[in-house]
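Submitted below is the structure of interest, expressed as structure tokens.
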Amino acid sequence: MLREYPLEDSVGLSYPTDWVGTTNFSMRRPNFIVIHHTAQNSCEQTLKTFTLTRTQVSSHYVVCRDGTVHHMLNDLLRAHHAGVSRWGNATDLNSSSIGIEIDNNGSEPFSEAQMNSLLQLLERLKKAYSIPQTNFIGHADVAPGRKVDPSRFFSWKNLAERGFGYWYDTTNVNVPADFNPVQALRIIGYNISKPEIAIQSYKIHFVPQDTINIINETDKKILFDLVKKYQ
Ligand SMILES: [Zn+2]
């Protein structure tokens with residue numbers, strides 16, 4: 001069927017006389033992991049939301065409070081979890097990522113069983129698809145201002161220590177006078193079209209204890225160190 005014309009491509013072009021069908025293809029491979037919290041109160045509720053046709057939302061995995069992992073969609077297919085999104089030069093993260101939803105209402109800690117299951121899942125996915133260490137990110141990172149998940153209770157430091165994303169060490173860091181922290185956010189991956197909301201997402205991820213969305217001297221040290229790892 002794929003060798004035959006007519007087929008309409010996604011931009012609606014058609015070249016009846018020039019069509020030469022090929023079957024040399026495969027599914028696309030995910031290159032990013034986007035982590036979320038569900039903002040719901042139970043896994044049952046989330047599984048229901050993600051299977052009702054009218055919602056048109058989904059993710060590849062749901063990690064419940066007791067550590068159970070539900071796989072909901074083949075990793076090679078495009079789930080509807082990230083929405084309008086950007087990280088570095090990658091736009092439309094739904095097309096290039098695996099979405100992992102963690103059952104959490106957004107204002108409570110993540111359970112130990114849940115974090116253990118998540119780490120095991122990340123290990124498998126990183127290996128299976130050779131996902132770069134820089135490409136483990138949160139919904140808030142790719143949709144600043146619009147999304148704040150996973151919340152400040154989520155330990156990205158814990159993930160970075162296991163090779164999923166990077167963390168910083170500000171010991172003996174000397175920041176040059178001409179260092180531009182907003183450009184550093186851009187190099188790390190943030191969309192800086194509105195710097196103040198990019199700063200908010202950076203704080204949620206990297207300085208969760210700090211709820212004031214202003215770049216201070218400590219942030220400059222953190223960003224100066226992080227930029228070397230993410231560039
Ligand atoms: Zn989300």
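Atoms within each ligand, like the ligands themselves, are counted from 1 in listed order. As the structure is a prediction and not an experimental result, all values here were calculated from the model. Reckoned from all heavy atoms, side chains included, excluding hydrogens, waters and symmetry mates. Throughout, residue positions are numbered sequentially from 1 according to the sequence presented.
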Answer yes if the ring centres of Trp156 and Phe164 are under 6.0 angstrom apart, and no otherwise.
-> no
Given Ile100 and His60, is the side-chain contact (heavy atoms from CB on, under 4.5 Å) satisfied, shown in steps?
-> CA-CA 6 Å; Ile100 302 176; His60 296 88; over 6 Å; no
Charged N to carboxylate O below 4.0 Å: is that the case for Glu123 and Lys127?
-> no
Distance-only polar pair, side chains of Tyr129 and Asn31, donor-acceptor under 3.5 Å |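 Result is no, nothing qualifies.
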Salt-bridged, Asp75 to Arg124, with N to O below 4.0 Å?
->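 Judged by the 4.0 Å cut-off on N to carboxylate O distance, Asp75 and Arg124 do not form a salt bridge.
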Which residues and atoms, protein N, O or S only, are under 2.8 Å from the Zn ion (ligand 1)?
-> His36 ND1, His139 ND1, Asp149 OD2
Output yes when a side-chain donor or acceptor of Gln114 lies under 3.5 Å from a complementary backbone atom of Asp103, and no otherwise.
-> yes
